[in-house]
Amino acid sequence: MKARLLLLLRLFTLWLALQVLSRPIFMVYQAVAGQPITLREAALACLHGLRMDLSLVGYVMLLLSLLLVILLPAPRRVARPVLLTLNALLSVACIATIVADWEIYRNWQFRIDLTPFIYLTQPAEAVASTPILSIVLLLLGIAALVLLFNWVAVRWVWPRALACPSARWWHAPVLVLVGAAMILPIRGSLDVAPMNVSSVAFSNHVYANHAAINPTWNLIQALIDAGHSYSQQADFLPEDEALRRFQRITEADTVFPKLLRIPRPNVLILLMESQSAKFSRLWGVDSCTPALDSVAATGLAFSRLYAASTRSEKGLVGVWAGYPAQGRKAIMRLPRKLAQLNFFPRSLDSLGYHSAFYYGGNAEFANMRTGAYLAGFQRVVEQADFPASLRGEKWGVHDEYVYERLLRECDTARGPFLKMYFTLSNHEPFDLPHASPDPESSEEQRMRATVRYADRCMAQFLHQAKQRPWWDSTLVVILADHGHRLPGGTPNHLPERYHIPMVWTGGALAPDARMEVSTVGSQIDLAATLLAQLGLSHSQLPFSRNILAARRGCAMVVYNNGFGWITDSAAFTYDFDAQRIIHTQGACTDSVQRDGEAFFQTYLKHYLGL
């Protein structure tokens, strides 16, 4: 019996060592990527994260203890390879999760959950955000750690010299008790609340709390909670108060500026990939978008607009349907729910508009093609409609070539038309046509280069479009699908992460429409604002507001494990893992907080009811 208990103790030690040692490596990986953490916070993350490490090891030991009970009658020559094989398989899954999480967090700033698996139906696109060299190094890292882990298991945990005498009748209940004792580390305490991500939170620095989370535990919990996204979120407010506040938030004036020269203009929407306002000289800290800044100075500029979330498929639905984003699994991935939304292109379709959606990549990615057709677009032009020679390194056809086709098809379009182009060049891995990547440049430098490229392509298109006869009857709307952590590594819980530009231009815009709108608005408000300018109802879009008629500015942003509320004078972020507000800005009064909670709660009930 002593030999079997020693075996379990060594297994416990090995698994715990893997979890504990992987956390400093994770923090070093993020530090190299520009995510700083103090030594004190790093040490506290390791200390507080130990509870979750023990919980994960508890799961593993419960399984291995029960297997050892089953193997009690088996001879050593059978029991040893069976146990070590299962241990090896578990180690492969765990180590792959740990290493993949390093890169996932660098890109998306949340610990691994089910989100990455959503993209595996298109594996080429799923890995396109990460350079090939990084993928190779990560795979080598997984292989090296798996080999090292199992070398220790074979040589030290259960070496050939460790004999296990024949089992006695009482060995089985003892091993069962050992397995049952793992319930304590699995739960994390004797309290009524079981282990959860709040159990390891210790700081008002979000990244420090994230560093304390065990990635494998987080993935297991996501699997357990699959299908229950948001459904377990308790109401913030009594239902009548939430509805009353929501109605007040969405109140609008009946009189607002009419900014179009003609009642039925062509509508051309340029949705710019990852075009954070931080890259703009007008609204941010950089000067990578001189063309956009110039258009903003002479057009209608919405200077305080915020994206719905952090992913393209969430931004697309926000634009098409004026609908807020979801945390982990976007509604774009749920065709049944998606089909129940109302989309602004369908309102134009009923007026005889001819519509098309353009994307230089594979429109199967993130269910984009289905979404575009549901939204009411009559045609989808995508990567397959271009020669293979025009495709870039990863994502598809670069902006300049799609703009050329867009211009030709605007020239031959029967009016009025609605065309929307979703660009892609400004996306990881930030490759450029006609240029080889500089291996010495940082990710931020490469992104600045693709932002400048996307801006130049847009400028060239607008310059050529102004010379076409259809320009005088066309409204052009330029905005982004979402912001980006770069430049500066802005975390998901800060409003600046979601700040995006929106500019209206074109010959259909009235001369007195050249102005700045400083009211806080959301990407989801484009639909109602545009329909109102066309003299159409937007009552079918309950969460989209006409920014030009709104009595108060506000925007809700959503990320994987929280939501933010931004007003003209204040902002806050509520984190579902911490179950509390983790960030505030400005005069964030109790009423501001309750307004944000009311908007989220009303939206949540609508979403769950679809």
Side-chain angles (χ1 to χ4, degrees), residues 2-29 41-69 80 83-102 105 111-112 141-142 144-159 162 174-190 194-197 199-202 208-221 224:
K2 288 182 179 179
R4 291 182 174 85
L5 292 177
L6 178 61
L7 172 59
L8 289 175
L9 179 61
R10 288 178 176 178
L11 280 168
F12 183 91
T13 303
L14 178 61
W15 276 94
L16 184 59
L18 173 64
Q19 311 310 313
V20 170
L21 294 176
S22 65
R23 186 170 286 104
I25 300 174
F26 166 82
M27 290 186 281
V28 169
Y29 193 95
E41 286 178 324
L44 289 172
C46 292
L47 178 63
H48 288 270
L50 184 60
R51 285 181 63 192
M52 193 170 282
D53 295 339
L54 288 168
S55 181
L56 184 279
V57 174
Y59 280 113
V60 174
M61 294 308 300
L62 175 59
L63 183 60
L64 295 178
S65 296
L66 294 178
L67 177 62
L68 206 54
V69 172
R80 182 175 180 268
L83 185 76
L84 290 178
T85 298
L86 178 61
N87 187 65
L89 292 173
L90 292 174
S91 73
V92 170
C94 182
I95 290 169
T97 300
I98 288 170
V99 175
D101 176 70
W102 299 346
Y105 193 91
R111 303 309 295 262
I112 187 171
I142 292 171
L145 288 174
V146 167
L147 289 173
L148 177 61
F149 183 93
N150 287 284
W151 181 82
V152 175
V154 170
R155 294 299 184 92
W156 177 69
V157 172
W158 196 345
L162 181 63
V174 170
L175 292 175
V176 169
L177 284 175
V178 170
M182 293 298 105
I183 299 299
L184 181 58
I186 287 172
R187 282 187 53 84
S189 74
L190 295 173
M195 174 63 64
N196 60 76
V197 291
S199 303
V200 298
F202 66 94
N209 289 335
H210 286 175
I213 296 171
N214 182 290
T216 310
W217 185 96
N218 202 57
L219 180 58
I220 292 172
Q221 191 62 39
I224 293 171

Roughly how far apart are [X] [atom1] and [Y] [atom2], rounded to 0.5 Å?
X: Leu9; Y: Met61; atom1: CG; atom2: CE; value: 8.5 Å
X: Met182; Y: Phe12; atom1: CE; atom2: CZ; value: 6.0 Å
X: Leu16; Y: Leu11; atom1: CG; atom2: CG; value: 12.5 Å
X: Arg51; Y: Leu56; atom1: CZ; atom2: CG; value: 14.5 Å
X: Ile183; Y: Ser55; atom1: CD1; atom2: OG; value: 9.5 Å
X: Asn214; Y: Ser22; atom1: CG; atom2: OG; value: 6.5 Å

Test Thr216 against every option in Ile220, Leu219, Asn218 by the side-chain contact (heavy atoms from CB on, under 4.5 Å) rule and name the one that passes.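 It is Ile220, the one option of Ile220, Leu219, Asn218 that forms the side-chain contact (heavy atoms from CB on, under 4.5 Å) with Thr216.
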Kindly write out the residues that satisfy ring-ring contact (aromatic ring centres under 6.0 Å, His included) with [X], not counting sequence neighbours, or none if the list is empty.
X: Phe149; result: Trp15
X: Trp158; result: none
X: Trp217; result: none

Can you list everything that forms a side-chain contact (heavy atoms from CB on, under 4.5 Å) with [X]? Sequence neighbours excluded, please.
X: Pro24; answer: Cys46
X: Val92; answer: Val146
X: Leu67; answer: Leu71, Val82, Leu83, Leu86
X: Ala42; answer: Met27, Ile37

Treating Asp101 as the side-chain partner and Ile112 as the backbone partner, does any N or O pair qualify as donor plus acceptor under 3.5 Å?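 Yes, because the side chain of Asp101 sits within donor-acceptor range (under 3.5 Å) of the backbone of Ile112.
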Closest approach of [X] and [Y], non-hydrogen atoms and distance?
X: Cys94; Y: Gln19; answer: SG-NE2, 3.5 Å
X: Pro185; Y: Gly58; answer: CG-CA, 4.4 Å
X: Gly188; Y: Met195; answer: CA-CE, 3.7 Å
X: Pro194; Y: Ser199; answer: O-OG, 4.0 Å
X: Phe202; Y: Ala208; answer: CE2-O, 3.5 Å
X: Ala96; Y: Ile142; answer: CA-CD1, 3.9 Å

Sequence-distant partners of [X], side chain to side chain donor-acceptor pair (under 3.5 Å), two or more places apart:
X: Arg23; answer: Asp53
X: Gln221; answer: Asp225
X: Ser91; answer: Asn150
X: Tyr59; answer: none

Minimum side-chain heavy-atom gap [X]-[Y] below 4.5 Å:
X: Pro159; Y: Arg10; answer: yes
X: Trp156; Y: Thr13; answer: yes
X: Leu8; Y: Ser65; answer: yes
X: Val157; Y: Asn87; answer: no

Under the side chain to side chain contact (heavy atoms under 4.5 Å, CB included) rule, what do Asn209 and Val200 come out as? Steps first, then yes or no, please. CA-CA 7 Å; Asn209 289 335; Val200 298; over 6 Å; no
Run the side chain to side chain contact (heavy atoms under 4.5 Å, CB included) test on Val197 and Met52 for me, step by step, so that the C-alpha distance in whole Å, both residues' side-chain angles and the decisive distance to 0.1 Å come before the verdict. CA-CA 8 Å; Val197 291; Met52 193 170 282; 4.3 Å; yes
For a side chain to side chain contact (heavy atoms under 4.5 Å, CB included) check, start with the C-alpha distance between Leu18 and Val57, then their side-chain angles and the critical distance, and finish with the verdict. CA-CA 10 Å; Leu18 173 64; Val57 174; over 6 Å; no
May I have the step-by-step check of side chain to side chain contact (heavy atoms under 4.5 Å, CB included) for Arg80 and Val154, ending in yes or no? CA-CA 9 Å; Arg80 182 175 180 268; Val154 170; 3.6 Å; yes
